[in-house]
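Inspection log for the structure reproduced underneath, given as structure tokens.
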Amino acid sequence: MKISNAHLRSFRNHNETVFDFGARVNVLLGENGQGKTNALEALSFLCLTKSFYASADATVMQQQQSFFEIKSVLQSDEGKEFHVRVTYDDVKKEKKFTINGAAVEKFSSVIGMFPVVILSPENSSITFGSPADRRKFIDLVISQSSKSYVEDSMEYRRIVRQRNTILSEAKGRDCSSDIAPWNDMLIRYGSKIINKRNQFLKEFAPYIAQTYLDIVDERETPKIEYAPSIYIQSESTVENISSAMEQKLQKKKNDEMRFQTTLVGPHRDDILFSLNGMSLKHFASQGQHKTFLVALKVAEFFFLKERCNETPIFLLDDVFSELDEYRSKKLLTLAESLGQIFITTTSEKIFGGAEWNNERRKFFIRSGAIDNEMVVA
Ligand SMILES: Nc1ncnc2c1ncn2[C@@H]1O[C@H](COP(=O)(O)OP(=O)(O)O)[C@@H](O)[C@H]1O
Ligand SMILES: [Mg+2]
């Protein structure tokens, strides 16, 4: 997959910015707060139909405006062209997504069409943060490789919300008969999600082992394990998982009414990372955290490339500022070998002596615009 160009209108601080991208490496240079990350966010919007960090569409719309638009031409590995256009109208609260002029009815159908991997400072929460951060990470990988997962997850979230409403409206009183029909739904969708995550983590393990080996000189063995909220085994089937969920729901029935919230299901899962058998969260150094994260993201790249049958685009947001020169150069060499990449950075130093041409372009971003004077292409 490649992004040939992108036209941003009223997107964050980009009033009207037109990018003509290089086929391999694209460097967005500039001081802090100029609109580099915003440009990557617009690219992620094309691939995921939403922002990779803002939850509401209106947030990315330029202040004082009532719409935004992103237009772009993307090209598949086979050379097929996709003219993609996203618009948001704040008056009608309406988002539209068109591919080659045809309106997309279900946004979930786009996810995975244009695979993308993002490495940004916020991602440090994947190894440092809460189980929710880790679920978000695996959910985005699985979603891009499985359409049914996106739909099942949306349905599951709706069920949990409904169930929580019943539990909280009961204010601790017995509401078993009201939640009974929701239990079946919770089990039906929850078990599918748990099963998919279980399968995914088994399939993903060799990818992380390989990339870690490629990145790290030392002999460290990374491990990624599923820690679901119910007891399952590596070979568990959807049926096994359903009955385990049913039993646990029965056991937690009173607690759920007391705490007025759903306590059983994949929304309570965690994923454990370890190095040489030691929990990353509890024992790893800052450097090991960073390396693990890079390995996860590169593993995600190769996993998606294989599953989607399409080379993902790779967005690297401000990743060099936290790494020393040796690690930065190593990461850059690795990233450049993957596919089309987009890098934001405040300093050009790491690219010292690089040649800029049709394959490798740099854009100097200032106040939400490309400063052409500074562009060498
Ligand atoms: N919705 C918005 N409308 C207008 N400006 C915005 C909006 N959201 C963020 N900004 C501005 O974008 C700038 C930050 O851009 P960003 O891409 O994060 O910078 P950087 O170049 O450091 O990555 C800030 O000046 C901020 O005020
Ligand atoms: Mg930034």
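Sequential numbering from 1 along the given sequence is applied to the chain's residues. As the structure lists them, so they are numbered: ligands from 1, and atoms in each ligand from 1. In what follows, every heavy atom counts, from backbone to side chain, and hydrogens, waters and symmetry copies are set aside.
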(message) Just checking Phe200 against Phe303, ring centres under 6.0 Å apart?
(response) yes
Protein neighbours of ligand 1 with a heavy atom under 4.0 Å, given by chain and number, are Arg12, Asn13, Glu31, Asn32, Gly33, Gln34, Gly35, Lys36, Thr37, Asn38, Thr59, Met61, Gln62, Gln63
Only residue of Ile313, Leu43, Asn358 satisfying side chain to side chain contact (heavy atoms under 4.5 Å, CB included) with Phe21 is Leu43
Problem - Check: Asn276 and Lys223 side chains under 4.5 Å, non-hydrogen atoms - result: no
For the ring pair Phe302 and Tyr207, is the centre-to-centre distance below 6.0 Å? no
Across all chains, not counting sequence neighbours, the side chain to side chain donor-acceptor pair (under 3.5 Å) partners of Glu94 are none
### Arg197 and Asp139 ion-paired at < 4.0 Å
yes
Common cluster, Ile118/Phe107, ILVMFWY with side-chain heavy-atom separation under 4.5 Å: yes
Side chain to side chain donor-acceptor pair (under 3.5 Å) filter on Thr127, not counting sequence neighbours, yields His289
Protein N/O/S atoms closer than 2.8 Å to the Mg ion (ligand 2), ordered by chain and number, come to Thr37 OG1
Task: Aromatic contact, Phe314 with Phe342 (centres under 6.0 Å) - done: no
